[in-house]
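Here the structure is laid out as structure tokens; the discussion comes afterwards.
Keep in mind that the numbers below use all heavy atoms, side chains included, and drop hydrogens, waters and symmetry copies. Order of appearance sets the numbers: ligands from 1, and atoms from 1 within every ligand.
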Amino acid sequence: MSNSSNIESILSETRSFPPPATFTAQANIGSEEQYEQLWHMAKDDPSKFWGEMAENLTWFQRWDTVMDGDMPNTKWFTGGKLNVSYNCIDRHLETERRNKAAIIWEGEPGDTRVLRYQDLHREVCKFANVLKSLGIETGDRVTLYMPMIPELTIAMLACARIGAVHSIIFGGFSADAVADRNNDAQAKLVITADGGWRRGKEIPLKIAVDASLEKSPSVEKVVVVRRTGGDVDMVPDRDLWWHDLMADASAECDAVELDSEHPLFILYTSGSTGKPKGVLHTSAGYLLGTMMTSQWVFDLKEEDTYWCTADIGWITGHSYICYGPLANGASIVMYEGAPNWPDEGRFWELIEKYQVSIFYTAPTAIRAFIKWGNEWPEKHDLSSLRLLGTVGEPINPEAWMWYHEVIGQERCPIVDTWWQTETGGIMISPLPGVTATKPGSCSRPLPGVVPDIVTEKGESLEANQGGLLVMRQPWPHMLRTLYGDHDRFLETYFSTIEGCYFAGDGARRDADGYIWVMGRVDDVINVSGHRLSTMEVESALVAHERVAEAAVVGFPHEIKGEGICCFVTLKHDDGTEDLKAELIRHVRHQIGALATPDQIRFAASLPKTRSGKIMRRLLRDIAAGRESTQDTSTLEDFNILAKLRNDEE
Ligand code: WT7
């Protein structure tokens, strides 16, 4: 391989699963021809394609121009006016959906609530009036730091109704993280709760808000939902109870007519260095993207019960709990708590209880389910399921196979969806009625998505050559800027490859045109001049029957440049020296001598971000025996790092 930017692919996966004929027969996109036709139309004439799709939204005023300007500064549907909350709620009230469940909610302690579309409308209108009464105006920023309770969705949609810009902060973040984000967005209002439930314990949100406000002076008021009943300190003239405000609020509130490009939300995402980036999404393009991809990828139907297990604090929850499904008038399940509370069967119990038909989760969760054992899903009737999805990381083929066999019972197509906070919606994914899936591949681009795999100079690579994954054309739901820092936006996403969007992943395309994401390019290891994807070595390890999870990183090596260090979590027992030797042989055997691990280290658990991604950059420091200078503000469990260091040989 000549070009130094190439990443060599060593994993070969030959299994392929065509969609069941019964699924294809009822699918929203039901044939290869239809996919090809949509994809080519969107590529060749994006204005025509997205203009036609935009007929699916309800407009107060039609747009003049579908696509205005080139990437990265493309504006969509300029001249048009609409309201996202109106599209997610009001328009359904004119149909039979008015009495349909919008949100089927279950709290961790087992309490439940169902909000029909009518109920959601009433609550959103009332809270929108509350926001106005607190002086919140169109364009103001509002921080939401809340548990997974219906009030979170109500607050999002109420912001959208009056054109306030929400910034949701995941409830696991610290007071300092809240303060930083409040300051960056210059938020006027914080909406929170006394606390939320997580593994039977109360997460004290209000206490963190109180601490954050000492450092974020832009915030004038705090609205507090009573959720746990825990003690809170209500500061006079600043803090207000949600239920007091709602008691007097009117249930009539017209949705404001907003420009297509009106900002809908900011969502902070951490970079490997520096302060978090405030990804900004706007109204029409984002809503259209999430609405259409929900139809294409999840094959959403009127009668589905759809459950995405993400927290709304992440983009997955924004796009595929709230905006995409609700724009389609779907019934969504929303769950407050942990998957292993009160026991490891909670998710499967909920699927049976609510007869969930579409289930969307993350590889990190799937690996935990595998570790907990098949007895948990086996206790429950999962026959209501018809489609499974995954997002967040490359899924190791063996984890994919487990999901397919144990949860999908070989009946349900799996959609492995590649996308990012920045892309707003799913970009690369199987279409469940069309695509023959291959475990570990997110397969092909959706209509409107024109990816390429290129060298550092931007030259397209041939089949099976690993390189940088880029987008060559703009799409309606892409981020518009990083809030308050347009230069950083241009620099981060558009300066690596001329004329393309690049957000950091390596990938290869196989001879069938399927894309295999190999992880972040920052994680690539260079062994004796060969650039290897950590994900591929990890997948070989996870394919061993005793391995639950693995993280692979490079460390300085005198001869090879970089050596391969594998952190391995086992399913059951403690590891032995014999098992280390066996795993080294196993990887060698699976993918070849080049990828022979230099070190295997057993770990009870791996350091992860709060959204569940393995933090390989921290492990790199441990493998190299260095003190870490990395930003650990998103680390889920600090104890893990200390433990891994102490375990060093
Ligand atoms: C990064 C984006 C998009 C919602 C959740 C994550 C990785 C995401 C996949 C997938 C391989 C994936 C990529 C991407 N990623 N989905 N199906 N296969 N990798 O959002 O936190 O913005 O992270 O997650 O590396 O760049 P995010």
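- Relative orientation of the His404 and Trp400 rings is parallel, given thresholds of 30° and 60° on the angle between their planes.
- Looking at ligand 1, you'll find an N or O of Asp505 within less than 3.5 Å of one of its N or O atoms.
- At a 4.0 Å heavy-atom cut-off, ligand 1 touches Thr417 through the backbone alone.
- Every atom of ligand 1 is numbered from 1 in the order shown, and the set under 4.0 Å from a heavy atom of Asp416 is 10 (C), 17 (N), 18 (N).
- At the top of the distance list for atom 23 (O) of ligand 1, counting protein heavy atoms only, stands Lys613 NZ, 3.1 Å.
- In summary, the atoms of ligand 1 found under 4.0 Å from a heavy atom of Val391, numbered by their order in the structure, are 3 (C), 4 (C), 5 (C), 16 (N).
- In this structure, the protein non-hydrogen atom closest to atom 10 (C) of ligand 1 is Glu393 O, 3.4 Å.
- Between Phe265 and His318, the ring planes lie tilted relative to each other; the angle falls in the 30° to 60° range.
- Of all atoms in ligand 1, numbered sequentially from 1 with element shown, those under 4.0 Å from a heavy atom of Ile315 are 4 (C).
- If you take CD1 on Ile414 and CD1 on Ile395, they are separated by 6.5 Å, rounding to the nearest 0.5 Å.
- Under the 6.0 Å cut-off for aromatic ring centres, Tyr286 and His477 do not qualify, their centroids lying 6.0 Å or more apart.
- Protein heavy atom in closest approach to atom 16 (N) of ligand 1: Gly392 N, 3.1 Å.
- Side-chain rings of Phe347 and Trp307 approach one another, their centers coming within less than 6.0 Å.
- Among all heavy-atom pairs drawn from Asp304 and Asp299, the shortest one is OD2-O, 3.7 Å.
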Please tabulate, for the side chains in residues 422-443, all donor-acceptor contacts under 3.5 angstrom to protein atoms that are two or more places apart in sequence or on a different chain.
unit_1: Glu422; atom_1: OE2; unit_2: Tyr493; atom_2: OH; d: 2.8
unit_1: Thr423; atom_1: OG1; unit_2: Gln420; atom_2: N; d: 3.0
unit_1: Thr423; atom_1: OG1; unit_2: Gln420; atom_2: O; d: 3.1
unit_1: Thr423; atom_1: OG1; unit_2: Gly425; atom_2: O; d: 2.9
unit_1: Thr435; atom_1: OG1; unit_2: Leu431; atom_2: N; d: 2.8
unit_1: Thr435; atom_1: OG1; unit_2: Leu431; atom_2: O; d: 3.3
unit_1: Thr437; atom_1: OG1; unit_2: Phe17; atom_2: O; d: 3.2
unit_1: Lys438; atom_1: NZ; unit_2: Asp510; atom_2: OD2; d: 2.8
unit_1: Lys438; atom_1: NZ; unit_2: Asp512; atom_2: OD2; d: 2.7
unit_1: Ser441; atom_1: OG; unit_2: Ser443; atom_2: N; d: 2.9
unit_1: Ser441; atom_1: OG; unit_2: Ile515; atom_2: O; d: 2.7

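- Inclusion of Gln420 in the set of residues having an N or O under 3.5 Å from an N or O of ligand 1 is warranted.
- Proximity of Val517 to ligand 1, defined as any heavy-atom pair under 4.0 Å, is confined to the side chain (atoms from C-beta onward).
- Nearest to atom 2 (C) of ligand 1 by heavy atom, out of Trp418, Tyr320, Trp419, is Trp419.
- The contact set between ligand 1 and Thr421, taken as ligand atoms under 4.0 Å from a residue heavy atom, comprises 20 (O), 21 (O), 22 (O), 27 (P).
- Residues meeting the ring pair (Phe, Tyr, Trp, His ring centres under 6.0 Å) test with Phe494, sequence neighbours left out: Phe489, Tyr501.
- Under a 4.0 Å criterion applied to the non-hydrogen atoms of Thr316, ligand 1 contributes the atoms 4 (C), 5 (C).
- Here the shortest heavy-atom pairing between Ala185 and Arg141 reads O-NE, 2.8 Å.
- The protein non-hydrogen atom at the shortest distance from atom 11 (C) of ligand 1 is Pro394 N, 3.1 Å.
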